[in-house]
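Please read the structure below before turning to the comments.
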2 protein chains.
Amino acid sequence: MQPRRFAWVEKVLKEITPKSSDFSQWYVDVIRKADMVDYAPMKGFMVMKPYSYRIWEFIQEQMDRRFKATGHQNAYFPLLIPEHLLAQEEEHIEGFSAEVAWVTMGGNEQLAERLAIRPTSETIIGAMYAQWIHSYRDLPVLINQWANVLRWEKATRPFLRTTEFLWQEGHTVHRTADEALAETLQQLEIYREVIEEYLAVPVIAGVKSAGERFAGAVDTYTLEALMGDGRALQSATSHFLGQHFSKAFQIQYLDEDGELKYGWTSSWGSSTRLIGAVIMVHGDDKGLRLPPKIAPIQVVIVPIGKGAEREAVVAHAKALEAQLANAFRVKLDDRDEFTPGYKFNDWEMRGVPLRVELGPKDLAKQQVVLARRDTGEKLSVSESQLVETVQHLLDAIQSELFRQALEFRESHTMSVESYQEMAQNGYRGFFRGDWCGSETCADHLKAETGMTIRCLPFNEEPVTGHCIVCGQTSRYRALFARAY
Amino acid sequence: MQPRRFAWVEKVLKEITPKSSDFSQWYVDVIRKADMVDYAPMKGFMVMKPYSYRIWEFIQEQMDRRFKATGHQNAYFPLLIPEHLLAQEEEHIEGFSAEVAWVTMGGNEQLAERLAIRPTSETIIGAMYAQWIHSYRDLPVLINQWANVLRWEKATRPFLRTTEFLWQEGHTVHRTADEALAETLQQLEIYREVIEEYLAVPVIAGVKSAGERFAGAVDTYTLEALMGDGRALQSATSHFLGQHFSKAFQIQYLDEDGELKYGWTSSWGSSTRLIGAVIMVHGDDKGLRLPPKIAPIQVVIVPIGKGAEREAVVAHAKALEAQLANAFRVKLDDRDEFTPGYKFNDWEMRGVPLRVELGPKDLAKQQVVLARRDTGEKLSVSESQLVETVQHLLDAIQSELFRQALEFRESHTMSVESYQEMAQNGYRGFFRGDWCGSETCADHLKAETGMTIRCLPFNEEPVTGHCIVCGQTSRYRALFARAY
Ligand SMILES: [Zn+2]
Ligand SMILES: [Zn+2]
């Protein structure tokens, strides 16, 4: 069977562009070969196949549990938003107007007013909250929505930039600015926890500069991650909206002191783009590497052997599968049309964290061979130790992926005193530098280098005292990168 | 505080129209007062507030678990469908064309081809399946999608008929007709199990007559439930699509014998309309009555007492809440701005199955009073027996609601030998009668009485041998009703 195996290896490797030679093409190759997405017949749209949707379900489960534990409830608001509502908050419509898909006909009739497919739901939700909130006793309102949204995009990149995507959007109203801000930061921390502990993607938390804020926000807080090509990905955002939307939509409450006051609102969102982060942070030339906590299949069992021997091996593999299934997401690959080598490559491509190999010799010795996807290490384990070893290795792989990602990020982060220094790394990686706070400098930097201010990381102060662009007095320490 | 309590009671009762006097108005009153939905600013659209969305989450959880256990995986397909794709299956587009909302502009540009917001996804999914399926080894394909869909409706009725609604739609492809049919019926049985065991709504399973079939189906299987006003609600459907869609979309596979063959497909769906069924089957003049298994709050604790006494009662109520929270969805209503009487009415309106009343006297005796929402019965229970009694009562309420609904249905079902007999019940309820199989008779009946054939129930044979409309030889035993 060896020839067939090698032929396949060659074929697979030919089909995946090496990560180092063309990261962009590698990304597209991997998500297609790992069966995560397909392109829909309409430009800009993709289909999330079961293998990627399952990852989304794990992310949803973790996020949703934490939202509920912090007092939030889910609800569902309409997909369509009348044009006049979308336009009610000035900065908001300016930010989104170019990206909106419009419904102009319903049931064979031309509509009197165009309806926008929601690009985000602050406006329709704000209009409803204005109806629901009367008294301070009605506050806080803590609601989240799992939904699809549309933003008409020129360029498409599965998970990262598609016309339609899935997300959750939380929308809250509070009695005071302090409470709204505390909510905004609490939700950012929930995102950090899920992204770092489940997706094994290290993030840097901070606040956006004015030029990078959500349209209509007072402040946008963000988690920035570094991808394998040295570009940044904004992984989740949480917005302190002040009273912008409550004033635009008349979200008012009668306070305990008898005065009518505007509420303070927040919104926060995370999306299927997180799956893109997992791929770009952990993937390698063999394909995906999935963190065990969100892997649809954590352990794959590949039986090895021919003829009568094979039958005994497969029968025993089924028993192992049943045993492991009590504690893990396990799959037995007993397809007889493929060689073990083909299967090894196939499941490595799909990023399954751990492979169990079982052949006639192993059977005789009552052992199996375990192969780690993250390091490639192999070890023989006696069957009596299997369950605990698998648990131990899955934990180790989860930690190792995070460690590798953190190491990569740290080795691709440099401090600069002037923006010209960024060129030496080909503008790849995170750059830390001082910034004067002027949008002119930010715009100049972007035009000249493509670098943007990803955030002003929490708890950091100016270092040199001089803006890396203009040299003037620096007010902030900023994190710069080229971004998705 | 008594006067305030009575004033409120009167106010509540005035605001809910009695079920018997105007069922339709009662329905709308209840869902508004129980805080389940609100109307959106656009005609035809509603907002699902947290209290109803939570019920949807419980339904989702039960359905999804069963879908996965039977080998299905979730995926996500685009919201928008190009017009040419939607039109590719002839009967399908005929059935849906009048209900479609069209996107004609994206990002300030007029689109070359209109995009339909999915009214259902057979077409876009069919187009994708044609790409994915090549060999018999790729079959079966067993995929489900949780999604929003739009059908432009003239009349609106929350949960039952709204322009947008949430649902799940399963879409499968099989090698043989038998397998596809088995899948269709298996999914119908999953629906029956969840609807009867969780929603406590009894259903009658059967096949639709040709005139009532899903557009494009060979056969549509259905579960029909009887609402409190004697009208039927189609609660879930499962369609055997034969090769209609596989031929329209070229879903073909190379079989083991080397021949290229068309796949056999099924689709099946259930939606938020099920929440409407729960309301209409179980509700009464006091409001909702929720089956414990899907009640967002299963037990509400209302402390009773004033001044210093009240403090001790509330403190103890908190301890009870913590104890019950280990096993049940429990809420302590310790709002101090409302009287206990107000709260009793409020939670009865919201259909909470069980109320725990705790006053100073109960405290002294180490007991509580339990009040059942379904029967109104009250009983004193010692605290040491509380958890097991609550469990026992919730089980009893779940059964009792189903029993009452079944009894109502049986007492509102009559057999008729001619359709004129239906008039004596004011066309309320289910009618069983023979049918010749001619659509002319079905159309005549509908035009004259508003009654439609809900289904041809499984395992039933003609009884009189004569069609209730034309008197000709009957081929079927049918279930008739006016329907939502
Ligand atoms: Zn500057
Ligand atoms: Zn007839």
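Please read all numbers here as calculations on a predicted model, not as lab measurements.
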Minimal heavy-atom distance between A:T70 and A:F67, with the atoms involved, is OG1-O, 3.0 Å

The interface call for A:Y51 against chain B, heavy-atom contacts under 4.5 Å, is neither

Assert top hit (heavy-atom pairs under 4.5 Å, partner chain A, pool B:L111, B:N148, B:V100) equals B:N148

So, the part of B:S52 with a heavy atom under 4.5 Å from chain A: the answer is neither

Interface check, chain A: of B:W56, B:F96, B:Y53, most non-hydrogen pairs under 4.5 Å belong to B:Y53

If one checks every heavy atom of B:E109 against chain A at 4.5 Å, the contacting part turns out to be side chain

Honestly, the part of A:R335 sitting under 4.5 Å from a heavy atom of chain B is neither

Any chance the side chains of A:S121 and A:E169 put a donor and an acceptor closer than 3.5 Å? yes

Any side-chain heavy atom of A:I279 within less than 4.5 Å of one from A:M36?
yes

Whatever's closer than 4.5 Å to a heavy atom in chain B on A:I125 counts as neither

When the 4.5 angstrom heavy-atom criterion is applied to A:E57 and chain B, the contacting part is side chain

So, the part of A:R151 with a heavy atom under 4.5 Å from chain B: the answer is neither

Assert top hit (heavy-atom pairs under 4.5 Å, partner chain A, pool B:G44, B:P41, B:P78, B:A40) equals B:P78

Comparing B:L115, B:L150, B:N74 against chain A, the one with the most heavy-atom pairs below 4.5 Å turns out to be B:N74

Honestly, the part of B:W152 sitting under 4.5 Å from a heavy atom of chain A is side chain

Honestly, the part of A:I143 sitting under 4.5 Å from a heavy atom of chain B is side chain

The interface call for A:T162 against chain B, heavy-atom contacts under 4.5 Å, is neither

Checked A:L85, A:I117, A:T163, A:T272 vs chain B; the most non-hydrogen pairs under 4.5 Å come from A:I117

Looking only at A:D35, A:V37, A:N108, most heavy-atom pairs under 4.5 Å shared with chain B are made by A:N108

Regarding B:H72 and B:Q168, is there a side-chain donor-to-acceptor distance under 3.5 Å anywhere? no

If you tally heavy-atom pairs under 4.5 Å between each of B:K49, B:M128, B:Q73 and chain A, the highest tally belongs to B:K49

Legend entry - B:F58 six-ring centre to B:R54 NZ/CZ under 6.0 Å and within 45° of normal: yes

Among B:Q145, B:K68, B:M46, the residue with the most heavy-atom pairs under 4.5 Å to chain A is B:K68

Under 4.5 Å to a heavy atom of chain B? For A:W132 that would be side chain

When the 4.5 angstrom heavy-atom criterion is applied to A:K43 and chain B, the contacting part is neither

Q. Using the benzene-type ring in the case of Trp, are the ring centres of B:F245 and B:H171 under 6.0 Å apart?
A. no

B:K343 and B:D333 have their tightest heavy-atom pair at NZ-O, 2.9 Å

